[in-house]
Novice: 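Following this message is one structure expressed as structure tokens.
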Amino acid sequence: MTLVKLAPHNKTLKGHKLLLTDPRALPKDALDRLHASFPDLHVQSFDADVTDPWDNVTLALGSSSRLPSREKARKLEFFQLTSAGADGLVGKPIFDDTKISFCTASGVHGPQISEWVVGTFLAFQHQLPEYLQNQQQGRWKSSKTPTDDSVGQRVGILGYGSVGRQVARVCRAMGMSVHAYTLHPRRTPSSRRDDSYAPPGLGDPSGELPDRWFSGGSTAELHAFLGSGLDLLVVAMPLTPKTRGLLSRREFEVLRDRKTFVSNIGRGPIVDTGDLMDALEHGVIRGAALDVTDPEPLPDNHPLWHAKNIIITPHVSGGSSKYMERVFEVLMANLTRFSNGERLMNLINRKEGY
């Protein structure tokens, strides 16, 4: 755990300036709520007509694509990202060479991404792509292969964070059992808790849903998880040097016994693309759903488009009309913690890279 020097109490955030750099609209009542909770906070939009928008900025909300230089961020103390991943920060001086607190928006994607995971899995199980093709051709033709419904099947969630916990909740509601995998052991009830943001009533904040919990950074420990009888494998890990290429030929061979369906909503480079195509072609796994690819964007002529039993979408699973509403809730929670001198939510651990 990263030790962070906490700021003294400043309930009204007097002397602080919040810069909003994301062009997407916040909720209509956002400014009213900010001023009601922190009456002395100065709020400024990045698009405001000023020479240097970063002048005297201490707090910011935005994406990793709109970061200031380290020199312009001399007074910046806290940056709230509007994205869940930290891979866009690693290697940038403002992240690597400062003590600025960066927090992700982890948790805002849980509802929509879990729906994508379950929706694509069920589409494959119920052969909907085939039926849609028949519909377009005007053919009334039923499949001779019976549908395998979800009751009694098992989902393995590789990376039991906020998205994985909501996937677990939905899958349990369909009658599936849940196996979770995390890098670090979670042997006690307190260690299985997660204080990341989640919409009220969703996710698994207490970590009670998994029937089994796996952990470890070795190949043997990963293979023990992959070989635990998984019908659906959900890749929900962040991209770090340790997770790049984590799933390749050897891992797919471990999945051969159950012909596991693979769903990747993490990052494309976590899965070796060539080995995935080979596993699909030779029936090592029954199918795959990808919202992220390697390379990304996937070129028009790439052979992955034509792989057997695959569903591909262009990195859209996290989109939602409620996205910025949830981001704003994370910001409000963190500004409250900041004003109270408390540890921030979704704080990025620079050592781990997420």
Novice: Contact between Leu158 and Leu247 at the side-chain level, heavy atoms closer than 4.5 Å - yes or no?
Specialist: yes
Novice: Is the shortest side-chain heavy-atom distance between Asp194 and Pro205 below 4.5 Å?
Specialist: no
Novice: Can you tell me if Ser37 uses its side chain to pair, donor with acceptor, with the backbone of Leu34 under 3.5 Å?
Specialist: no
Novice: Given side chains that start at C-beta, do those of Lys308 and His282 come closer than 4.5 Å, heavy atoms only?
Specialist: no
Novice: Nearest 0.5 Å, what's the CD-CD1 distance between Glu77 and Ile100?
Specialist: 9.5 Å
Novice: For the residue pair Tyr160 / Asp204, report whether a side-chain donor-acceptor contact shorter than 3.5 Å exists.
Specialist: yes
Novice: Spell out, yes or no, whether Leu239 and Leu222 are grouped together once hydrophobic residues are joined by side-chain heavy atoms under 4.5 Å, including indirect joins.
Specialist: yes
Novice: Are any side-chain N or O atoms of Arg350 and backbone N or O atoms of Phe95, one a donor and one an acceptor, separated by less than 3.5 Å?
Specialist: yes
Novice: Could you walk me through whether Asp294 and Val271 pass the side-chain contact (heavy atoms from CB on, under 4.5 Å) test, one step at a time?
Specialist: CA-CA 8 Å; Asp294 185 25; Val271 178; over 6 Å; no
Novice: Has Lys141 got more than 12 heavy atoms of other residues, nucleotides or ligands less than 6.0 Å from its NZ?
Specialist: no
Novice: Can we say Glu329 and Arg326 salt-bridge, meaning some charged N sits less than 4.0 Å from an Asp/Glu carboxylate O?
Specialist: no
Novice: Is it true that Phe328 and Leu41 fall in one hydrophobic cluster, defined by side-chain heavy atoms closer than 4.5 Å?
Specialist: yes
Novice: So does Leu230 get a backbone contact from the side chain of Thr260, meaning a donor-acceptor N/O pair under 3.5 Å?
Specialist: yes
Novice: Assess the side chains of Ser248 and Asp272: does a donor N or O sit below 3.5 Å from an acceptor N or O?
Specialist: no
Novice: Would the number of heavy atoms belonging to other residues, nucleotides or ligands and lying under 6.0 Å from NZ of Lys242 be above 12?
Specialist: no
Novice: I need the minimum non-hydrogen distance between Thr182 and Trp213, along with the two atoms involved.
Specialist: OG1-NE1, 3.0 Å
Novice: Grab the two heavy atoms, one from Val108 and one from Pro111, that are nearest each other, plus how far apart they are.
Specialist: O-CD, 4.2 Å
Novice: Under 3.5 Å, is there a donor-acceptor pair linking the side chains of Ser150 and Gln153?
Specialist: no
Novice: Taking CG in Asp211 as the centre, count heavy atoms belonging to other residues, nucleotides or ligands within less than 6.0 Å. Is the count above 12?
Specialist: yes
Novice: Please check if the side chain of Arg186 supplies one atom and the backbone of Ser191 the other of a donor-acceptor pair under 3.5 Å.
Specialist: yes
Novice: Please answer: with hydrophobic residues joined when any side-chain heavy atoms are less than 4.5 Å apart, are Met345 and Leu202 in the same cluster?
Specialist: no
Novice: Under 3.5 Å, is there a donor-acceptor pair between the side chain of Glu221 and the main chain of Gly217?
Specialist: yes
Novice: If you measure from OG1 on Thr273 to CG on Asp278, what distance do you get to the nearest 0.5 Å?
Specialist: 11.0 Å
Novice: Within a reach of under 6.0 Å around NZ of Lys92, are more than 12 heavy atoms found that belong to other residues, nucleotides or ligands?
Specialist: yes
Novice: Would you say the side chain of Leu89 lies within less than 4.5 Å of the side chain of Leu81, judging by non-hydrogen atoms?
Specialist: yes
Novice: Does some side-chain heavy atom of Leu76 sit less than 4.5 Å from a side-chain heavy atom of Thr98?
Specialist: no
Novice: Determine, step by step, whether Phe225 and His179 satisfy the ring pair (Phe, Tyr, Trp, His ring centres under 6.0 Å) criterion, reporting the C-alpha distance in whole Å, the side-chain angles of both residues, the deciding distance to 0.1 Å, and the verdict.
Specialist: CA-CA 8 Å; Phe225 164 72; His179 285 185; 7.3 Å; no
Novice: Nearest 0.5 Å, what's the NE2-CG distance between His16 and Leu335?
Specialist: 10.0 Å
Novice: Between Asp231 and Arg286, is there a salt bridge with N-O shorter than 4.0 Å?
Specialist: yes
Novice: Would you please classify the geometry between the Trp54 ring and the Phe46 ring as parallel, tilted or perpendicular, with 30° and 60° separating the classes?
Specialist: perpendicular
Novice: So, does Gln44 use its side chain to make a donor-acceptor pair with the main chain of Leu19 at under 3.5 Å?
Specialist: no
Novice: When the ring centroid of Tyr181 is compared with that of Phe214, is the distance short of 6.0 Å?
Specialist: no
Novice: Should Leu209 and Arg169 count as side-chain neighbours, where that means a heavy-atom distance under 4.5 Å?
Specialist: yes
Novice: In the single-linkage hydrophobic clustering (I, L, V, M, F, W, Y; side-chain heavy atoms under 4.5 Å), do Val163 and Met324 co-cluster?
Specialist: no
Novice: Crowded around Arg250 CZ? As in, over 12 foreign heavy atoms under 6.0 Å?
Specialist: no
Novice: Would you please test Arg165 and Ile157 for side-chain contact (heavy atoms from CB on, under 4.5 Å) and show each step?
Specialist: CA-CA 8 Å; Arg165 289 170 187 249; Ile157 303 173; over 6 Å; no
Novice: Linking I/L/V/M/F/W/Y whenever their side-chain heavy atoms sit closer than 4.5 Å, directly or via other members, would Phe338 and Leu26 fall into one cluster?
Specialist: yes
Novice: For Arg343, is there any backbone N or O sitting under 3.5 Å from a side-chain donor or acceptor partner on Arg337?
Specialist: yes
Novice: Assess whether atom NZ of Lys17 is packed by more than 12 heavy atoms of other residues, nucleotides or ligands within 6.0 Å.
Specialist: yes
Novice: How long is the gap from CG on Leu233 to CZ on Arg258, to the nearest 0.5 Å?
Specialist: 13.5 Å
Novice: Run the side-chain contact (heavy atoms from CB on, under 4.5 Å) test on Asp291 and His315 for me, step by step, so that the C-alpha distance in whole Å, both residues' side-chain angles and the decisive distance to 0.1 Å come before the verdict.
Specialist: CA-CA 5 Å; Asp291 188 50; His315 207 143; 4.0 Å; yes
Novice: Does Thr21 offer a backbone N or O that forms a donor-acceptor pair with the side chain of Arg66 under 3.5 Å?
Specialist: yes
Novice: Do Phe121 and Val234 have side-chain heavy atoms sitting under 4.5 Å apart?
Specialist: no
Novice: Quick one: does Gln133's side chain have a donor or acceptor within less than 3.5 Å of a partner on Glu130's backbone?
Specialist: no
Novice: How close do Ser263 and Leu232 get, counting heavy atoms only, and between which atoms?
Specialist: CB-CD1, 4.1 Å
Novice: Give me the one residue out of Asn334, Thr104, Asp22, Asn346 that meets side chain to side chain donor-acceptor pair (under 3.5 Å) with Gln80.
Specialist: Asn334
Novice: Does Leu67 reach the side chain of Phe79, with side-chain heavy atoms less than 4.5 Å apart?
Specialist: yes
Novice: Report the C-alpha separation of Asp148 and Phe124 in whole Å, then their side-chain angles, then the decisive distance to 0.1 Å, and conclude whether the side-chain contact (heavy atoms from CB on, under 4.5 Å) test is met.
Specialist: CA-CA 10 Å; Asp148 291 325; Phe124 183 86; over 6 Å; no
Novice: If you look at every heavy atom in Pro199 and Gly107, which pair is closest and at what distance?
Specialist: CD-O, 3.7 Å
Novice: Enter the distance from Trp305:CH2 to Leu298:CG here, rounded to the nearest 0.5 Å.
Specialist: 5.0 Å
Novice: So, for Pro238 and Thr243, which heavy atoms are closest and what is the spacing to 0.1 Å?
Specialist: O-OG1, 2.8 Å
Novice: Please report the shortest heavy-atom distance between Ala288 and Leu276, naming the atom on each side.
Specialist: CB-CD1, 4.3 Å
Novice: If only atom types and distance count, is the side chain of Gln125 paired as donor or acceptor with the main-chain N or O of Asp149 below 3.5 Å?
Specialist: no
Novice: Find the distance between CG (Leu226) and CG (Leu246) and round it off to the nearest 0.5 Å.
Specialist: 8.0 Å
